[in-house]
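See structure below.
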Amino acid sequence: MKHELDTRYDPKSFEQRLYQGWENAGYFTPETDPERPGFSIVIPPPNVTGRLHIGHALVNTLQDIIVRWKRMSGFNTLWVPGTDHAGIATQMIVERHLLKQGISRFELGREKFVEEIWKWKEQHRSEIKDQLTRLGASADWTRERFTLDEGLSRAVRYVFVKLYEDGLIYRDVAMVNWCPNCRTAISDIEVEFRERQSKLYHIHYPIEGSERKVTVATTRPETMLGDTAVAVHPEDERYRDLIGKKAVLPIAERRIPVIADPILVDREFGTGVVKVTPAHDKNDYEAGLRNGLEQLQVIGEDGRMTPAAGAELAGRDRFEARKEVLARLETSGLLGETKPYTHSVGVHGKCDTDIEPMVSTQWFVRIEPLAKPAIEAVRSGSVQIVPQSWEATYFNWMENIHDWTISRQLWWGHRIPAYYCPDNHITVSMDDPEACPQCGAAPMRQETDVLDTWFSSGLWPFSTMGWPDDTADYRTFYPTDTLITGFDILFFWVARMIMMGIRFTGKAPFSQVFLNGLVRDEQGQKMSKTKGNVIDPLDVVEEVGADALRFTLAINTSGRDIPLGRSRIQGYSAFVNKIWNASRFALMHLELELKDARAIDRDHLRTVERWILSRLNETTKSVNRSLSIFRFDEAASALYQFFWHEFCDWYIEMAKPVLLGRHGGEGEQKKAKRVLLEVLDRSLRLLHPFMPFVTEEIWLKLGGVEPSLMIAPYPVAEDVLEDPDAERMMAATRSMITTVRNVRAERGFTPKDRFRLYVAAKEPRDANFFRTHAYLLLELARLTELVVDGEPPAGAHHDVVEGIPIAIEFPEKVITAEQVERTRREIEKSEKELAAVEARLANDQFLSNAPPAVVRGAESRRAELRARLEKLQQNQ
RNA sequence: GCGGAGUUAGCUCAGCGGUAGAGCAUCUCGCUUACACCGAGGGGGUCGGGGGUUCGAAUCCCUCACUCCGCACCA
């Protein structure tokens with residue numbers, strides 16, 4: 001029974017059909033059996049803000065490779081998919097979207113606005129699912145989760161209440177990072193620092209009752225309106241006499257004290273005088289607390305000046321106010337020197353707005369008690385970070401961690417389960433309280449703030465498994481095994497999952513973390529819409545199929561950033577095409593189906609067949625090893641190298657004489673077909689995690705026992721298949737063929753010209769091999785005759801390959817200039833190497849210190865070089 | 001300022017103590033009945049500079065230079 005493949009590789013004709021088949025058959029859904037060896041992984045939930053980009057394609061391809069590999073390797077495998085509500089980001093996008101239609105969220109009100117976001121979420125969630133489907137992600141959609149799901153929300157609430165009861169969550173007044181655009185507090189890590197060309201302004205503050213002025217320097221003149229002191233160093237002789245006096249704050253005309261503060265002021269820096277604005281600068285805030293200074297808020301939550309800034313400036317934007325303040329200082333002659341100044345400014349990463357340090361009441365997580373065990377988990381190796389160099393970064397951050405601001409003044413997210421009674425007693429509990437447990441008063445008002453989105457994603461590995469309930473999923477699949485994600489969320493997400501996981505489940509949520517790099521364009525530039533160098537993964541899938549994209553991503557993943565361009569993907573789509581065509585060739589000749597094929601009897605195989613099985617075995621070994629250490633590049637390269645350059649270029653070509661009936665009998669042909677089937681079958685299995693679609697489409701035609709390749713066993717190396725002897729003979733045969741082709745071209749013959757080859761095999765075994773395998777050389781090297789152990793005529797071209805002398809007899813003596821030059825260079829090169837090897841072997845230190853194997857290697861290399869030189873010289 | 005990574009063929013990278021590699025690009029020849037998204041062959045590198053350890057260094061150590069990425073600071 002013959003199965004054929006279409007002449008053309010057309011991924012569109014089968015990719016979606018196959019995925020549907022897998023999903024319908026339930027292959028993505030594991031059983032909940034705690035007894036079976038399990039493997040689980042949770043997706044880094046993409047934000048429901050929009051479509052997936054190429055970075056998502058990368059991280060999900062890598063997860064799918066591992067997941068498919070583990071599933072085929074016999075593990076009860078679960079990959080949990082899902083999405084993140086992404087607090088600020090989603091709220092911002094939907095708000096902008098509605099504004100385009102002329103609707104403001106404030107008109108809509110909280111409830112209606114949140115409803116709008118839910119609609120948006122549903123649309124994008126399904127779009128994301130569709131995209132992952134197109135990539136071939138074998139995730140269990142029956143277990144899909146969303147961070148605002150009922151179950152996950154319960155986990156969030158449980159954790160909040162627990163941490164509050166344990167004293168690890170507290171509410172306090174503090175200086176936080178405020179985004180005037182988003183009108184919410186954000187945590188320290190959400191602030192990004194941007195280098196900016198700015199100006200440093202010097203401002204003179206007159207001293208009351210004196211002619212003296214002190215000069216301060218600032219990049220933010222508008223904040224001077226909120227100054228409540230001027231500080232100098234207590235031991236600074238220049239200003240010592242001013243301590244305790246008053247300075248007159250220009251414009252505001254307020255009197256503010258000159259104070260001494262050794263912590264705030266560095267004598268060496270600038271003028272040695274610092275303006276102190278406790279309400280709008282972090283250091284000043286602390287100095288204010290130390291010195292009992294007033295906090296005067298001159299910039300409001302909206303980034304506009306408050307009435308405290310003076311009637312004329314109130315309501316003006318902070319940057320406009322800056323210009324105004326400068327103009328006024330200029331007229332009053334109190335503006336000093338203005339210097340260009342480069343410094344970093346903190347901005348909100350999501351909207352690029354300058355952060356305004358602001359004093360406000362917020363909720364915080366006391367982080368140190370959580371961080372300590374999380375540091376220990378990595379230090380002890382119970383959580384392994386790959387590549388390991390990230391560990392240093394992890395420790396550095398975790399050891400200097402600050403309390404985490406978790407409240408957000410947003411509408412979209414988990415509302416904080418804290419309730420205030422009319423007397424402002426706070427109650428935090430799992431259930432909504434009717435009346436105040438402390439004073440009995442009612443009604444209770446729930447806190448309007450929501451939680452930082454990362455608070456819920458920090459629970460993802462166990463909240464998705466049904467925790468805090470003791471569910472079958474939790475027992476079977478938690479802790480998860482591997483986490484694959486981008487290094488950019490190591491602190492945002494990975495660290496928090498480790499902290500929360502250990503605190504609440506007593507176990508680290510995963511044992512290995514693979515951090516992948518950033519996908520960049522071919523020039524190594526970051527991809528961005530403004531640069532126009534973005535690659536949409538779905539466009540690529542449309543063009544060349546998911547398999548080519550996946551393989552390209554995998555073969556470029558070593559742990560560092562990945563340069564990616566269209567031409568690169570094009571290159572690997574050629575490989576997929578090659579697989580298709582080689583399989584097509586094989587299927588034209590195969591008659592047996594896999595399920596009817598008997599085990600291969602290795603003892604009766606030809607050397608070529610033993611050789612390709614040995615190579616395949618080596619490939620199998622290396623692919624499994626590489627995947628186990630996340631070297632996707634190594635695994636993919638090994639497969640590429642084997643399939644294309646060993647299987648296609650050599651094995652298939654060598655099998656053709658037998659398959660096409662030009663050599664050997666029917667018995668030989670049967671054996672060759674059996675091996676061809678074996679190699680194709682195993683290759684497809686090995687390739688499947690990387691290219692699930694094309695391998696499945698072909699493999700289904702091989703008639704295997706399993707209904708799908710994705711649930712067929714992954715190959716494991718078997719030592720019996722290793723065959724150094726066959727490898728040696730094939731290396732010699734290949735070298736001979738290459739040498740003939742080579743010399744033919746150098747001497748100006750065309751591929752059609754045929755010659756006689758003399759092989760001087762000393763060992764009877766070798767001689768016998770070349771006699772029985774003469775057909776290989778005759779066909780592939782295009783010979784007229786192969787003479788084993790005969791005397792070559794004068795004028796033949798001599799060489800030595802793999803220690804075996806050979807000679808090529810030409811019909812006429814043609815020596816091209818190119819050939820002479822080439823021989824000269826060959827000789828020169830060999831002489832140089834021989835001199836080096838001889839020098840080494842003459843060195844007693846080398847002989848006594850180097851491992852015996854290395855010495856032996858050098859000796860045989862010397863023998864080979866000597867023999868080869870002798871032969872090459874005959875060619876001159 | 002602290003920490004990390006990088007500097008290998010024209011490009012993008014692998015190799016990390018024992019004869020310099022891959023993919024792409026380039027050049028020559030070939031449409032040989034799986035594949036021109038192909039086949040065969042060629043050219044191309046003193047492995048960033050300098051020092052050291054070693055019988056032996058692209059590979060280990062020191063140092064310098066440049067690039068990138070975190071974190072901190074920034075009157």
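Residue numbers begin at 1 in each chain, while the letters A, B, ... track the order of the sequences. Because only heavy atoms are used, hydrogens play no part in the values below, and waters and symmetry mates are left out as well, while side chains stay in. For clarity, every value in this text was computed on a predicted model and none was experimentally measured.
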Handout entry: ring pair (Phe, Tyr, Trp, His ring centres under 6.0 Å) involving A:Phe193 - partner list, sequence neighbours excluded
Key = none
Exercise for the section: Could you check how far CZ of A:Arg782 sits from C1' of B:U32, rounded to whole Å? Expected result: 6 Å
Exercise for the section: Can you tell me the distance, in whole Å, between the NE2 atom of A:His645 and the C1' atom of B:A40? Expected result: 13 Å
Exercise for the section: Could you check whether A:Arg741 gets within reach of a base, just the sugar-phosphate, or nothing at all, counting any heavy atom under 4.0 Å? Expected result: sugar-phosphate
Handout entry: Whole-Å gap separating C1' (B:G15) and CG (A:Asp633)
Key = 11 Å
Below 3.5 Å between N/O atoms, which protein atoms pair up with nucleotides 54-57 of chain B? Just atom names and distances, please.
unit_1	atom_1	unit_2	atom_2	d
B:C55	OP1	A:Asn849	ND2	3.2
B:C55	O2'	A:Asn843	ND2	3.1

Practice task
Kindly indicate whether a cation-pi arrangement holds for A:Arg496 with A:Phe491, taking the cut-offs as under 6.0 Å to the six-membered ring centre and within 45° of the axis.
Solution key: no
Practice task
Starting from C1' on B:A34, measure out to NZ on A:Lys701 and report it in whole angstrom.
Solution key: 16 Å
Completion exercise
A:Met398 atom CE is separated from B:C71 atom C1', nearest whole Å, by 15 Å
Exercise for the section: For A:Arg196, check side chain to side chain donor-acceptor pair (under 3.5 Å) against everything at least two apart and list the hits. Expected result: A:Asp354
Practice task
Check the angle between the aromatic planes of A:Trp390 and A:Phe487 and answer parallel, tilted or perpendicular using the 30° and 60° thresholds.
Solution key: parallel
Practice task
Give the rounded distance in Å between these two atoms: CZ of A:Phe632 and P of B:A22.
Solution key: 25 Å
Handout entry: Any pair counted as salt bridge (charged side-chain N to carboxylate O under 4.0 Å, His left out), so long as it reaches residues 542-566 of chain A, sequence neighbours left out
Key = A:Lys12-A:Glu542, A:Asp64-A:Arg550, A:Arg134-A:Glu542, A:Arg520-A:Asp561, A:Glu543-A:Arg566
Problem - Rounded interatomic separation in angstrom, taking CG from A:Asp266 and C1' from B:C73 - result: 11 Å
Exercise for the section: Would you please enumerate the stems RNA chain B participates in, each stem being three or more consecutive Watson-Crick or G-U wobble pairs with both distances under 3.5 Å? Expected result: B:1-7 with B:65-71, B:10-13 with B:21-24, B:26-30 with B:38-42, B:48-52 with B:60-64
Practice task
Rounded to the nearest angstrom, tell me the gap between atom NZ in A:Lys578 and atom P in B:G23.
Solution key: 13 Å
Practice task
Sorted by first residue and then second, give each salt bridge (charged side-chain N to carboxylate O under 4.0 Å, His left out) pair with at least one member in residues 271-287 of chain A; sequence neighbours left out.
Solution key: A:Asp227-A:Lys275
Exercise for the section: Quick one: label A:Thr738 by what it contacts on the DNA or RNA (base, sugar-phosphate, nothing), any heavy atom closer than 4.0 Å. Expected result: sugar-phosphate
Exercise for the section: Apply side-chain contact (heavy atoms from CB on, under 4.5 Å) to A:Val519 and list each qualifying residue two or more places apart in sequence or on a separate chain. Expected result: A:Ile54, A:Leu58, A:Met527, A:Leu564
Practice task
Examine the base of B:C29 for any acceptor or donor lying under 3.5 Å from a partner atom in the side chain of A:Thr750, and report the outcome as yes or no.
Solution key: no
Pairs of donor and acceptor atoms involving the side chains of residues 844-853 of chain A, under 3.5 Å and at least two apart or interchain, shall be tabulated with distances.
unit_1	atom_1	unit_2	atom_2	d
A:Ser848	OG	A:Asp844	O	3.0
A:Ser848	OG	A:Gln845	O	3.3
A:Asn849	ND2	A:Gln845	O	3.3

Exercise for the section: Could you measure between the two P atoms, the one in B:A34 and the one in B:C47, and give it in whole Å? Expected result: 46 Å
Practice task
Identify, with sequence neighbours excluded, every residue that meets side chain to side chain donor-acceptor pair (under 3.5 Å) alongside A:His204.
Solution key: A:Thr215
Exercise for the section: Tell me, please, whether A:Trp650 has A:Arg615 positioned over its six-membered ring: NZ or CZ under 6.0 Å from the ring centre and within 45 degrees of its axis? Expected result: no
Exercise for the section: Could you list all the salt bridge (charged side-chain N to carboxylate O under 4.0 Å, His left out) pairs where at least one residue sits in residues 573-584 of chain A, not counting sequence neighbours? Expected result: none
Completion exercise
In B/S/- notation (B base, S sugar-phosphate only, - none; protein heavy atoms under 4.0 Å), nucleotides 3-8 of chain B written 5' to 3' is -SSS--
Handout entry: Set of residues satisfying side-chain contact (heavy atoms from CB on, under 4.5 Å) with respect to A:Asp488, sequence neighbours excluded
Key = none
Handout entry: Distance-only donor-acceptor test (3.5 Å): side chain A:Glu634, base B:A22
Key = no
